[in-house]
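In the text below, chain A, chain B and the rest are named by the order of the sequence lines, each starting its count at 1.
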Protein chains: 2
Amino acid sequence: MTSELQGRVRPVEVDRTSPVPLYFQVATRLQELIEKGEIGVGARIENEVDLAERLGVSRPTTRRAIQYLVERGMLVRKRGVGTQVVHPKVRRPVELSSLYDDLVAGDRAPRTEVLRLEVMPAPDLIANGLEVAPGTPVTWIERLRYAAGEPLALMHNAIPIDVLPLTREDLAAHGLYELLRRNGLTPRIATQVIGARSATSAEAKILDEKRNASLLTMTRTAWDAGGRALEYGSHVYRASRYSFELNLSAG
Amino acid sequence: MTSELQGRVRPVEVDRTSPVPLYFQVATRLQELIEKGEIGVGARIENEVDLAERLGVSRPTTRRAIQYLVERGMLVRKRGVGTQVVHPKVRRPVELSSLYDDLVAGDRAPRTEVLRLEVMPAPDLIANGLEVAPGTPVTWIERLRYAAGEPLALMHNAIPIDVLPLTREDLAAHGLYELLRRNGLTPRIATQVIGARSATSAEAKILDEKRNASLLTMTRTAWDAGGRALEYGSHVYRASRYSFELNLSAG
DNA sequence: GTCAATACTTTGTCATGACAAACTCCAGGA
DNA sequence: TCCTGGAGTTTGTCATGACAAAGTATTGAC
């Protein structure tokens, strides 16, 4: 007898008048129950068939809801056994958010200084990163990002001009990704390279570090769902103040 | 008239005697066609209904195959429009592989020197990383990894002893993840932190770098599908020779 | 008592059918 | 000419039904 709290997942109900898909309603409700600990780690949830019947939805719908949570690393399914909770919070596959969003979320009072903002034809390196023809006009941005009053990162970006017009005011007040999203542009896929190197004297000065201090470097290209390149970025971060956290999940 | 090469995706056929699921057969076949360029970037693939009918499978099966490729970033679907190729190769969500595997794949002739191998009770830091009780016995490993004859990384790992027994010979000849997989242990979920710092003099010496050279640091905990912690690692890489590449995809 | 065969449970795969929602395109009217 | 409305296309969601495969538990033979 594997002692688990099975059964009684109580008030999971669906609203058929809502425009929110049923499978998503079920997934969200289950996720809440797990995050609140009402279904503890290691506990088995009801089997698909019973759960479907109790909720008054079909088994494929229930299955899809569970699958959604399995992909996020909360649940594990085993044929012949059942579905178990393995982790109480969502392990997001990987955040595709901007530094600014992360800092706001972490309550670290970000501030942005726009050092440069101009339109120029893309040089080869950038055109290559964006997968566009060399010479394509892009907005070139250099920004200094502060957190909690201290400089944190020196950021360089190129955005094709037909993607989004940008102003100093916008960039000073908001993160780049926030501006993209606000214009209906959602980054979906990105390739990143993360490395490290010593600061040049110019970088050390602007970031308030010693010469040769270690910096984290990150270059990224981001595309939207339609495969259009939205952004190329080449950034350096003070390694003493910043690191990347990633949650990976692999099939 | 959006000029695209539509139609004629020719010989996609399924084998119902195979134990490989039909949806996976279809997905694999489509992926091949796209990777080979027989369906070019920007081209629309056949709509689900027709494709299903032509292959003699049901629409849900076809849908699942397409969904599989959508999640990998090759295809994009739009309601009322169709399904388009946006990228000719799979953008894997993120590789959960070991350095050794990567080096082998990159033909960089890896070699491993085992500096230390012992069983010890987990100190707090490691127990915390593995999410086990402090004092739980773990195998502690220190390895120096070479690529192309040069030192590349200094690697520290802790593996709970009930996960896997390890020998110097195994570790010298194989990557840790390969050893795990060989024993039926598949890392599924991991959390990583990537940062940078300057080399200590001991690290500089062993890695053949100058003092204060920049190093990339990575700490990782990996779990299997059952939520069991398999491995905790804390590694330093020569930033002059190594960087992390990530492909992200976010919903 | 131990071990192997059997029954049962639970998830995995697949088919068929139906309607809804988002988008494109064309025709018709202002 | 512009733009509005509707028809057509294509993906999104959901239901029902069926069988297969992989575990677990039970039963029965030795």
Distance, rounded to the nearest Å, where [X] contributes [atom1] and [N] contributes [atom2]:
X	N	atom1	atom2	answer
B/E48	D/dC14	CD	P	15 Å
A/Q25	D/dT13	CD	C1'	12 Å
A/L55	D/dA15	CG	C1'	15 Å
A/R64	D/dT11	CZ	C1'	11 Å

Is the phosphate of [N] approached by [X] (side-chain N or O, under 4.0 Å from OP1 or OP2)?
X	N	answer
A/T83	C/dT11	yes
B/T61	C/dA15	yes
B/R63	D/dT11	no
A/R77	C/dG12	yes
B/Y23	C/dT13	yes
A/R59	D/dA15	no

Is a side-chain donor-acceptor pair under 3.5 Å present for B/Y68 with B/Q31?
no
Report the nucleotide, chosen from [options], that has the shortest atom-to-atom distance to any side-chain atom of [X].
X	options	value
B/R79	D/dC14, C/dA21, C/dC14	C/dA21
A/R16	D/dC14, C/dG12, D/dT10	D/dC14
A/V57	C/dT11, D/dA15, C/dC14	D/dA15

To the nearest 0.5 angstrom, please state how far the CD1 atom of A/I34 sits from the CZ atom of A/R72.
12.0 Å
Value for CG (B/L230) from CG (B/L176), rounded to nearest 0.5 Å, stands at 9.0 Å
Write down the atom of B/R59, the atom of B/V49, and the distance for their closest heavy-atom approach.
CD-CG2, 4.0 Å
Reading DNA chain D from 5' onward, which residue's closest nucleotide shows up sooner: B/V81 or A/L22?
B/V81
Could you check whether A/P21 gets within reach of a base, just the sugar-phosphate, or nothing at all, counting any heavy atom under 4.0 Å?
sugar-phosphate
